[in-house]
Amino acid sequence: MKIIVCVKQVPDTKGGVKFNPDGTLNRSGMLAIMNPDDKAGLEAALRLKDQYKAEVTVITMGLPKADEVLREALAMGADHGILVTDRVLGGADTWATSSTLAGAIKNLEYDLIITGRQAIDGDTAQVGPQISEHLNIPVISYAQNLRIEDKSVIVKRQFDDRYHVVKVQMPCLITALSELNQPRYMTPGGIFDAYDVELTVWKRENLKEVDDSNLGLKGSPTQIAKASDKVRKGAGEVVKLDVSDSVAYLMDKLTEKHIISL
Ligand SMILES: Cc1cc2nc3c(=O)[nH]c(=O)nc-3n(C[C@H](O)[C@H](O)[C@H](O)COP(=O)(O)OP(=O)(O)OC[C@H]3O[C@@H](n4cnc5c(N)ncnc54)[C@H](O)[C@@H]3O)c2cc1C
(Lines give C-alpha, C1' and ligand atoms only; values in the text may rest on other atoms or scores of the structure.)
Protein backbone atom coordinates (compact mmCIF):
# COMPACT_ATOMS: atom_id res chain seq x y z
CA MET A 1 0.00 0.00 0.00
CA LYS A 2 1.28 3.46 -0.89
CA ILE A 3 0.30 6.39 1.27
CA ILE A 4 0.94 10.08 0.61
CA VAL A 5 0.73 12.50 3.53
CA CYS A 6 0.49 16.24 2.88
CA VAL A 7 2.24 18.18 5.62
CA LYS A 8 2.42 21.92 5.98
CA GLN A 9 5.00 23.93 7.89
CA VAL A 10 3.09 26.50 9.92
CA PRO A 11 3.98 29.19 12.45
CA ASP A 12 3.21 28.02 15.98
CA THR A 13 0.18 30.12 16.84
CA LYS A 14 0.09 29.02 20.50
CA GLY A 15 1.94 32.08 21.76
CA GLY A 16 -0.17 34.45 19.65
CA VAL A 17 0.18 35.64 16.08
CA LYS A 18 2.74 38.29 15.09
CA PHE A 19 2.18 40.69 12.21
CA ASN A 20 4.58 42.87 10.20
CA PRO A 21 3.81 46.61 10.07
CA ASP A 22 2.26 46.09 6.61
CA GLY A 23 -0.25 43.61 8.03
CA THR A 24 1.35 40.43 6.62
CA LEU A 25 2.16 37.54 8.91
CA ASN A 26 5.57 37.82 10.58
CA ARG A 27 6.63 34.20 9.97
CA SER A 28 10.26 34.71 11.00
CA GLY A 29 9.11 36.00 14.42
CA MET A 30 7.31 32.75 15.17
CA LEU A 31 8.50 29.17 15.65
CA ALA A 32 7.85 26.96 12.58
CA ILE A 33 6.25 23.59 13.36
CA MET A 34 4.53 20.71 11.57
CA ASN A 35 0.82 21.46 11.44
CA PRO A 36 -0.78 19.43 14.29
CA ASP A 37 -3.55 17.78 12.20
CA ASP A 38 -0.91 16.74 9.64
CA LYS A 39 1.20 15.17 12.37
CA ALA A 40 -1.80 13.05 13.39
CA GLY A 41 -2.32 12.15 9.72
CA LEU A 42 1.32 11.15 9.46
CA GLU A 43 1.05 9.06 12.63
CA ALA A 44 -2.00 7.28 11.16
CA ALA A 45 0.04 6.53 8.02
CA LEU A 46 3.00 5.28 10.09
CA ARG A 47 0.70 2.93 12.02
CA LEU A 48 -0.50 1.53 8.68
CA LYS A 49 3.16 1.17 7.73
CA ASP A 50 3.81 -0.79 10.94
CA GLN A 51 0.75 -2.96 10.31
CA TYR A 52 0.85 -3.52 6.54
CA LYS A 53 4.35 -2.41 5.51
CA ALA A 54 2.83 0.56 3.71
CA GLU A 55 5.21 2.97 1.96
CA VAL A 56 4.80 6.50 3.28
CA THR A 57 5.69 9.58 1.23
CA VAL A 58 5.36 13.05 2.73
CA ILE A 59 4.92 16.05 0.51
CA THR A 60 4.94 19.74 1.26
CA MET A 61 4.67 22.93 -0.76
CA GLY A 62 6.50 25.90 0.66
CA LEU A 63 9.72 27.84 0.92
CA PRO A 64 13.02 25.86 0.76
CA LYS A 65 13.07 26.05 4.58
CA ALA A 66 9.98 23.80 4.64
CA ASP A 67 12.36 20.87 4.14
CA GLU A 68 12.63 20.89 7.96
CA VAL A 69 9.14 19.51 8.25
CA LEU A 70 9.99 16.72 5.81
CA ARG A 71 13.12 15.79 7.82
CA GLU A 72 10.98 15.67 10.95
CA ALA A 73 8.53 13.33 9.19
CA LEU A 74 11.41 11.13 8.00
CA ALA A 75 12.79 11.02 11.55
CA MET A 76 9.39 9.82 12.72
CA GLY A 77 9.47 7.00 10.16
CA ALA A 78 8.29 8.24 6.74
CA ASP A 79 10.10 6.73 3.74
CA HIS A 80 10.33 9.60 1.24
CA GLY A 81 10.03 13.39 1.31
CA ILE A 82 9.06 15.69 -1.54
CA LEU A 83 9.44 19.46 -1.37
CA VAL A 84 7.54 21.45 -3.98
CA THR A 85 9.09 24.88 -4.11
CA ASP A 86 9.26 27.56 -6.77
CA ARG A 87 8.98 31.33 -6.80
CA VAL A 88 5.96 31.16 -9.08
CA LEU A 89 4.05 29.23 -6.39
CA GLY A 90 4.32 32.05 -3.79
CA GLY A 91 1.17 33.77 -2.60
CA ALA A 92 -1.03 30.80 -3.43
CA ASP A 93 -4.54 30.71 -1.98
CA THR A 94 -6.24 27.37 -1.30
CA TRP A 95 -7.20 26.84 -4.97
CA ALA A 96 -3.63 27.39 -6.18
CA THR A 97 -2.20 25.35 -3.27
CA SER A 98 -4.45 22.39 -4.01
CA SER A 99 -3.79 22.66 -7.78
CA THR A 100 -0.05 22.57 -7.05
CA LEU A 101 -0.21 19.64 -4.65
CA ALA A 102 -2.51 17.68 -6.98
CA GLY A 103 -0.14 18.43 -9.90
CA ALA A 104 2.73 17.00 -7.85
CA ILE A 105 0.75 13.97 -6.64
CA LYS A 106 -0.16 13.10 -10.26
CA ASN A 107 3.48 11.99 -10.65
CA LEU A 108 3.06 9.40 -7.90
CA GLU A 109 1.27 6.11 -7.31
CA TYR A 110 -1.01 6.05 -4.28
CA ASP A 111 -3.78 4.13 -2.56
CA LEU A 112 -4.43 6.61 0.19
CA ILE A 113 -3.77 10.35 0.56
CA ILE A 114 -3.95 11.87 4.02
CA THR A 115 -4.08 15.60 4.72
CA GLY A 116 -4.84 17.40 7.95
CA ARG A 117 -8.37 18.67 8.50
CA GLN A 118 -7.04 22.21 8.68
CA ALA A 119 -3.83 24.21 8.91
CA ILE A 120 -3.55 26.40 12.02
CA ASP A 121 -2.36 29.42 10.00
CA GLY A 122 -4.72 29.58 7.02
CA ASP A 123 -7.47 27.73 8.95
CA THR A 124 -9.64 27.16 5.90
CA ALA A 125 -9.85 23.33 5.86
CA GLN A 126 -10.25 23.56 2.07
CA VAL A 127 -7.02 22.16 0.66
CA GLY A 128 -7.68 18.45 1.37
CA PRO A 129 -11.14 18.28 -0.25
CA GLN A 130 -9.91 20.41 -3.19
CA ILE A 131 -7.01 18.01 -3.86
CA SER A 132 -9.52 15.14 -4.00
CA GLU A 133 -11.58 17.09 -6.55
CA HIS A 134 -8.52 17.73 -8.74
CA LEU A 135 -7.64 14.03 -8.62
CA ASN A 136 -11.25 12.91 -8.97
CA ILE A 137 -11.16 10.59 -5.97
CA PRO A 138 -13.55 10.37 -3.00
CA VAL A 139 -12.82 12.30 0.21
CA ILE A 140 -13.83 11.78 3.80
CA SER A 141 -13.02 14.69 6.06
CA TYR A 142 -12.82 14.97 9.87
CA ALA A 143 -11.45 11.47 10.50
CA GLN A 144 -11.20 10.73 14.21
CA ASN A 145 -10.35 7.09 13.59
CA LEU A 146 -9.48 5.00 10.54
CA ARG A 147 -8.72 1.43 9.64
CA ILE A 148 -8.20 -0.58 6.48
CA GLU A 149 -10.39 -3.47 5.34
CA ASP A 150 -9.35 -5.10 2.06
CA LYS A 151 -9.30 -2.30 -0.53
CA SER A 152 -11.34 0.12 1.60
CA VAL A 153 -10.77 2.58 4.40
CA ILE A 154 -13.28 2.69 7.24
CA VAL A 155 -13.42 6.10 8.82
CA LYS A 156 -15.14 7.38 11.94
CA ARG A 157 -16.13 10.85 10.77
CA GLN A 158 -16.75 13.52 13.38
CA PHE A 159 -19.81 15.77 13.31
CA ASP A 160 -20.80 18.42 15.87
CA ASP A 161 -23.12 16.15 17.80
CA ARG A 162 -22.47 12.65 16.46
CA TYR A 163 -20.18 10.58 14.30
CA HIS A 164 -20.70 8.51 11.18
CA VAL A 165 -18.76 5.41 10.24
CA VAL A 166 -18.10 5.64 6.51
CA LYS A 167 -16.50 3.07 4.23
CA VAL A 168 -14.72 4.27 1.11
CA GLN A 169 -12.83 2.43 -1.57
CA MET A 170 -9.20 3.28 -2.24
CA PRO A 171 -7.78 5.34 -3.86
CA CYS A 172 -9.26 8.02 -1.66
CA LEU A 173 -8.34 11.05 0.43
CA ILE A 174 -8.90 11.37 4.17
CA THR A 175 -8.53 14.55 6.20
CA ALA A 176 -7.29 13.87 9.72
CA LEU A 177 -8.22 15.51 13.01
CA SER A 178 -5.50 15.93 15.61
CA GLU A 179 -7.70 13.84 17.96
CA LEU A 180 -7.01 10.85 15.68
CA ASN A 181 -4.04 9.68 17.75
CA GLN A 182 -1.01 10.66 19.79
CA PRO A 183 1.85 11.15 17.28
CA ARG A 184 5.11 9.37 18.07
CA TYR A 185 8.34 11.21 18.83
CA MET A 186 11.28 11.28 16.45
CA THR A 187 13.97 8.77 17.45
CA PRO A 188 17.62 9.93 17.79
CA GLY A 189 18.65 7.33 15.16
CA GLY A 190 15.77 8.50 12.99
CA ILE A 191 17.02 12.11 13.20
CA PHE A 192 20.53 11.10 12.07
CA ASP A 193 19.13 8.98 9.23
CA ALA A 194 16.72 11.72 8.19
CA TYR A 195 19.61 14.09 7.50
CA ASP A 196 21.22 11.51 5.17
CA VAL A 197 18.09 11.03 3.08
CA GLU A 198 18.06 12.93 -0.17
CA LEU A 199 14.82 14.84 -0.46
CA THR A 200 13.11 15.13 -3.82
CA VAL A 201 12.73 18.76 -4.83
CA TRP A 202 10.17 19.61 -7.48
CA LYS A 203 9.73 22.90 -9.28
CA ARG A 204 6.99 24.26 -11.54
CA GLU A 205 8.05 22.06 -14.47
CA ASN A 206 7.57 18.91 -12.38
CA LEU A 207 3.87 19.56 -11.85
CA LYS A 208 1.65 17.47 -14.07
CA GLU A 209 -1.40 18.70 -15.98
CA VAL A 210 -1.62 22.11 -14.28
CA ASP A 211 -2.08 25.35 -16.10
CA ASP A 212 -0.04 28.41 -15.08
CA SER A 213 -3.33 30.23 -14.56
CA ASN A 214 -3.99 28.01 -11.51
CA LEU A 215 -0.69 28.61 -9.72
CA GLY A 216 0.73 31.09 -7.24
CA LEU A 217 -0.63 34.56 -6.53
CA LYS A 218 -1.62 35.09 -10.19
CA GLY A 219 -3.64 31.87 -10.19
CA SER A 220 -5.40 32.63 -6.89
CA PRO A 221 -9.06 33.62 -7.19
CA THR A 222 -8.93 35.17 -3.69
CA GLN A 223 -6.65 37.97 -2.54
CA ILE A 224 -6.06 39.01 1.06
CA ALA A 225 -7.13 42.67 1.09
CA LYS A 226 -6.24 43.37 4.72
CA ALA A 227 -4.99 41.48 7.75
CA SER A 228 -4.99 42.70 11.30
CA ASP A 229 -4.58 41.48 14.85
CA LYS A 230 -7.68 40.74 16.94
CA VAL A 231 -9.40 43.82 18.28
CA ARG A 232 -8.52 43.90 21.96
CA LYS A 233 -11.38 43.64 24.44
CA GLY A 234 -12.18 46.95 26.07
CA ALA A 235 -12.27 47.43 29.83
CA GLY A 236 -15.21 45.80 31.60
CA GLU A 237 -18.30 47.79 32.48
CA VAL A 238 -19.95 47.75 35.90
CA VAL A 239 -23.70 48.32 35.89
CA LYS A 240 -25.91 48.35 38.96
CA LEU A 241 -29.47 47.38 38.17
CA ASP A 242 -32.19 45.38 39.87
CA VAL A 243 -32.61 41.73 38.83
CA SER A 244 -35.23 42.07 36.09
CA ASP A 245 -33.53 45.12 34.54
CA SER A 246 -30.19 43.23 34.64
CA VAL A 247 -31.67 40.34 32.69
CA ALA A 248 -33.13 42.68 30.08
CA TYR A 249 -29.82 44.55 29.87
CA LEU A 250 -27.83 41.33 29.37
CA MET A 251 -30.26 40.01 26.78
CA ASP A 252 -29.97 43.29 24.85
CA LYS A 253 -26.16 43.15 24.92
CA LEU A 254 -26.03 39.50 23.81
CA THR A 255 -28.51 40.14 21.00
CA GLU A 256 -26.61 43.23 19.88
CA LYS A 257 -23.42 41.14 19.60
CA HIS A 258 -25.32 38.37 17.74
CA ILE A 259 -24.45 35.85 20.46
CA ILE A 260 -28.15 35.03 20.83
CA SER A 261 -31.11 35.89 18.65
CA LEU A 262 -34.58 36.44 20.04
C1 LIG B 1 -3.93 36.02 -1.61
C2 LIG B 1 -3.32 35.04 -0.71
C3 LIG B 1 -1.97 35.06 -0.55
C4 LIG B 1 -1.35 34.16 0.27
N5 LIG B 1 -0.02 34.20 0.36
C6 LIG B 1 0.60 33.30 1.11
C7 LIG B 1 2.00 33.28 1.15
O8 LIG B 1 2.66 34.07 0.51
N9 LIG B 1 2.60 32.35 1.92
C10 LIG B 1 1.86 31.44 2.64
O11 LIG B 1 2.46 30.58 3.32
N12 LIG B 1 0.52 31.45 2.64
C13 LIG B 1 -0.13 32.35 1.87
N14 LIG B 1 -1.46 32.35 1.84
C15 LIG B 1 -2.18 31.38 2.65
C16 LIG B 1 -2.33 30.16 1.81
O17 LIG B 1 -3.29 30.33 0.87
C18 LIG B 1 -2.79 29.04 2.65
O19 LIG B 1 -1.87 28.86 3.68
C20 LIG B 1 -2.85 27.80 1.80
O21 LIG B 1 -3.66 28.01 0.69
C22 LIG B 1 -3.37 26.62 2.55
O23 LIG B 1 -4.62 26.94 3.11
P24 LIG B 1 -4.84 26.68 4.61
O25 LIG B 1 -3.62 27.09 5.36
O26 LIG B 1 -6.13 27.27 5.03
O27 LIG B 1 -4.87 25.10 4.65
P28 LIG B 1 -6.06 24.12 5.01
O29 LIG B 1 -6.99 23.99 3.88
O30 LIG B 1 -6.63 24.48 6.34
O31 LIG B 1 -5.15 22.81 5.11
C32 LIG B 1 -5.71 21.51 5.11
C33 LIG B 1 -4.60 20.53 4.92
O34 LIG B 1 -4.07 20.64 3.59
C35 LIG B 1 -2.68 20.36 3.59
N36 LIG B 1 -1.94 21.53 3.15
C37 LIG B 1 -2.32 22.82 3.10
N38 LIG B 1 -1.35 23.59 2.61
C39 LIG B 1 -0.31 22.77 2.35
C40 LIG B 1 1.00 22.95 1.84
N41 LIG B 1 1.46 24.15 1.49
N42 LIG B 1 1.80 21.85 1.69
C43 LIG B 1 1.36 20.62 2.04
N44 LIG B 1 0.14 20.39 2.53
C45 LIG B 1 -0.69 21.44 2.68
C46 LIG B 1 -2.31 20.02 5.03
O47 LIG B 1 -2.37 18.62 5.22
C48 LIG B 1 -3.40 20.73 5.83
O49 LIG B 1 -3.63 20.17 7.10
C50 LIG B 1 -2.12 33.22 1.02
C51 LIG B 1 -3.49 33.23 0.87
C52 LIG B 1 -4.09 34.12 0.02
C53 LIG B 1 -5.57 34.09 -0.13
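Scope of the values below: all heavy atoms of this structure, side chains included, with no hydrogens, waters or symmetry mates.
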Does atom [atom1] of [X] have more than 12 heavy-atom neighbours from other groups under 6.0 Å away?
X: Asn136; atom1: CG; value: no
X: Glu133; atom1: CD; value: no
X: Asp160; atom1: CG; value: no
X: Tyr185; atom1: OH; value: no
X: Lys203; atom1: NZ; value: yes

Looking at [X] and [Y], what are the two nearest heavy atoms and their distance?
X: Ser132; Y: Pro138; answer: CB-O, 4.4 Å
X: Thr60; Y: Ala66; answer: CG2-O, 3.9 Å
X: Gly103; Y: Val210; answer: CA-CG2, 3.6 Å
X: Asp211; Y: Ser213; answer: OD2-OG, 2.7 Å
X: Gly41; Y: Ala176; answer: CA-CB, 3.7 Å
X: Ile191; Y: Met186; answer: CG1-CB, 3.9 Å

Could you tell me whether a side-chain N or O of [X] sits under 3.5 Å from a main-chain N or O of [Y], the two making a donor and an acceptor?
X: Thr124; Y: Gln126; result: yes
X: Asp12; Y: Ala32; result: no
X: Arg147; Y: Ile154; result: no
X: Asp38; Y: Thr115; result: no
X: Asn107; Y: Ala104; result: yes
X: Asn35; Y: Ile120; result: yes

*Given Asp245 and Lys240, is the salt bridge (Lys or Arg N to Asp or Glu O under 4.0 Å) satisfied, shown in steps?*
CA-CA 9 Å; Asp245 286 347; Lys240 287 197 176 128; over 6 Å; no
What I want to find out is whether [X] reaches [Y] closely enough, with some N-O distance under 4.0 Å, to be called a salt bridge.
X: Lys8; Y: Asp121; answer: yes
X: Arg117; Y: Asp37; answer: yes
X: Asp193; Y: Arg71; answer: no

Distance in Å, [X] [atom1] paired with [Y] [atom2], rounded so as to fall on 0.5 Å steps:
X: Leu254; Y: Ile260; atom1: CG; atom2: CD1; result: 5.0 Å
X: Thr255; Y: Leu250; atom1: OG1; atom2: CG; result: 10.0 Å
X: Lys167; Y: Glu149; atom1: NZ; atom2: CD; result: 4.5 Å
X: Ile33; Y: Glu68; atom1: CD1; atom2: CD; result: 12.0 Å
X: Lys53; Y: Asp79; atom1: NZ; atom2: CG; result: 11.5 Å
X: Ile3; Y: Tyr52; atom1: CD1; atom2: OH; result: 10.0 Å

Compare all side-chain heavy atoms of [X] with those of [Y] and state whether any distance is below 4.5 angstrom.
X: Ile59; Y: Val7; result: no
X: Lys65; Y: Gln9; result: yes
X: Ile82; Y: Leu199; result: no
X: Met76; Y: Leu42; result: yes
X: Ile131; Y: Leu173; result: yes
X: Leu112; Y: Ile174; result: yes
X: Thr175; Y: Ile140; result: no
X: Lys49; Y: Met1; result: no

*Apply the test side-chain hydrogen bond (donor to acceptor under 3.5 Å, both in side chains) to residues Glu43 and Asn181: give CA-CA distance (whole Å), side-chain angles for both, the deciding distance (0.1 Å), then the verdict.*
CA-CA 7 Å; Glu43 174 62 31; Asn181 52 43; 5.4 Å; no
Do [X] and [Y] share a hydrophobic cluster (ILVMFWY, side-chain heavy atoms under 4.5 Å, transitive)?
X: Leu108; Y: Leu101; value: yes
X: Val5; Y: Leu177; value: no
X: Trp202; Y: Ile105; value: yes
X: Val84; Y: Val197; value: no
X: Val243; Y: Tyr249; value: no

*Cation over ring, Lys2 on Tyr110, under 6.0 Å and within 45°?*
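So Lys2 doesn't make the cation-pi contact.
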*Would you sort out whether Val88 and Leu217 count as a side chain to side chain contact (heavy atoms under 4.5 Å, CB included), showing the intermediate values?*
CA-CA 8 Å; Val88 295; Leu217 187 58; over 6 Å; no
_For a side chain to side chain contact (heavy atoms under 4.5 Å, CB included) check, start with the C-alpha distance between Ile4 and His80, then their side-chain angles and the critical distance, and finish with the verdict._
CA-CA 9 Å; Ile4 297 173; His80 314 285; over 6 Å; no
_Please list all pairs meeting salt bridge (Lys or Arg N to Asp or Glu O under 4.0 Å) that have one or both residues in residues 81-110, counting only residues at least two apart or in different chains._
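Salt bridge (Lys or Arg N to Asp or Glu O under 4.0 Å) check on residues 81-110 returns Lys106-Glu209.
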Using distance alone, with no hydrogens and no angle criterion, decide if [X] and [Y] have a side-chain donor and acceptor under 3.5 Å apart.
X: His164; Y: Gln158; value: no
X: Arg157; Y: Ser141; value: yes
X: His134; Y: Ser98; value: yes

_Leu146: which of Val166, Val168, Leu48 passes side-chain contact (heavy atoms from CB on, under 4.5 Å)_ = Leu48
